[in-house]
Amino acid sequence: MKRLKITIIAVLSLMGILAFRQFEQNRIIVNKSFSFGEKVEYRVHYGFINAAEAKVEIARNLSIVNNHPCYKINVTGRTVGAFDLITRVRDNWRSYVDTLAIVPHMFYQSIQENKYRKEETIVFNHDKDQATSTIKDETKTFNCPNNINDIISGYFFLRTINFEKVALGEVIEIPTFFGDEVYKLRIKYAGKDVIKTKFGKIKVLKLNPLIPDNKLFKGEGAVKLWVSDDVNKIPLKAEVELAIGSLEMDIKSVKNLQTELQWF
């Protein structure tokens with residue numbers, strides 16, 4: 001059960017830990033994939049048992065942070081049903097993402113997992129390539145690579161990538177600032193597919209985050225992600241293969257996308 005708890009928390013964070021490449025300073029990214037008011041909800045389940053739910057929302061109004069126009073993006077995750085009695089999770093992440101460069105100017109997280117509590121605010125200074133983290137009364141400043149992302153803004157940058165120009169099997173390394181450090185995730189582009197959802201069938205792109213071998217996940221390719229093969233590129237399904245079975249995340253509802261999803 002402890003392993004399953006860790007996995008649920010990881011899956012709730014999954015949409016916030018994916019992908020970006022470094023670009024020149026003061027970059028401008030062409031974005032046709034998302035805009036204000038978007039809202040996507042997910043169901044996380046272990047077999048037929050509902051385990052958790054997650055929500056990704058872009059505020060309807062523009063925010064100004066560090067004198068830059070930003071999307072205000074909220075990601076929330078919580079356990080439900082019997083899982084809420086075993087391991088209560090109420091997590092919230094918020095990122096203010098530059099509308100032109102698709103990089104974060106401020107990141108906030110509030111973590112409530114059973115008795116564990118953590119609140120953190122990170123302010124990014126992209127001119128100096130620094131991130132300043134504040135937890136309670138303690139403030140630390142860290143050096144970062146150019147155009148560093150947080151776990152939310154990196155996911156939204158991923159949605160702007162033209163995968164027609166990404167080779168099958170190509171592995172993308174992802175520098176991300178989280179937990180007071182810069183680390184690299186590795187994501188493999190695994191081609192195209194068609195999956196079935198509650199809304200019908202749909203064309204998708206397959207992405208495989210490459211996880212180092214450990215006792216929790218079943219091999220390096222244990223995590224699989226399917227995103228819509230269209231301009232939106234929103235995650236529709238995720239699967240985590242465990243030593244004790246598999247945990248899945250499916251799309252539950254979606255509103256205000258840039259283009260309608262093409263179900264068939």
When you check the side-chain N and O atoms of [X] and [Y], is any donor under 3.5 Å from an acceptor?
X	Y	result
Thr139	Thr134	yes
Arg159	Asn232	no
Thr197	Asp250	no
Thr87	Glu113	no
His126	Asn147	no
Asn114	Arg88	no
Ser246	Glu241	no

Could [X] and [Y] be called an ion pair, given the rule that one side-chain N must be under 4.0 Å from one carboxylate O?
X	Y	result
Glu119	Arg117	no
Glu38	Lys255	no
Asp98	Arg27	no
Lys55	Glu53	no
Arg94	Glu57	no

Looking at [X], I want to see if its [atom1] is surrounded by more than 12 non-hydrogen atoms of other residues, nucleotides or ligands under 6.0 Å.
X	atom1	value
Lys203	NZ	no
Arg60	CZ	no
Glu260	CD	no

Derivation and outcome, side-chain hydrogen bond (donor to acceptor under 3.5 Å, both in side chains), residues Asp150 and Ser95: CA-CA 8 Å; Asp150 60 37; Ser95 182; 2.7 Å; yes
Got a donor-acceptor contact below 3.5 angstrom from the [X] side chain to the [Y] backbone?
X	Y	value
Tyr42	Pro235	yes
Asp230	Lys233	yes
Asn31	Ser33	yes
Asn256	Gly37	yes

Aromatic ring pairing Tyr46/Phe83, orientation class (parallel under 30°, perpendicular over 60°, tilted between):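 Correct class here is perpendicular.
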Parallel, tilted or perpendicular: rings of Trp263 and Phe199 (30°, 60°):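 Phe199 vs Trp263 ring planes: tilted.
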With sequence neighbours excluded, residues passing side-chain contact (heavy atoms from CB on, under 4.5 Å) with Lys188: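 With neighbours one apart ignored, the set is Val171, Asn208, Leu210.
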Do [X] and [Y] sit in one hydrophobic cluster, given that two such residues count as connected whenever their side-chain heavy atoms are within less than 4.5 Å of each other, even indirectly?
X	Y	value
Val97	Val103	no
Tyr108	Phe177	no
Leu247	Val80	no
Val166	Val30	no

Linked hydrophobic residues, Val123 as query - side chain contacts closer than 4.5 Å: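 Under the 4.5 Å side-chain rule, Val123 groups with Val65, Tyr96, Met106.
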CG on Leu261 to OG1 on Thr259, rounded to 0.5 Å: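 If I round to the nearest 0.5 Å, the distance is 7.0 Å.
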Side-chain touch Asn61/Phe36, heavy atoms, less than 4.5 angstrom: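 No - every pair of side-chain heavy atoms lies 4.5 Å or more apart.
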Trp226 and its side chain to side chain contact (heavy atoms under 4.5 Å, CB included) partner, picked from Ile202, Ile251, Val204: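 The side chain to side chain contact (heavy atoms under 4.5 Å, CB included) with Trp226 is passed solely by Val204 among Ile202, Ile251, Val204.
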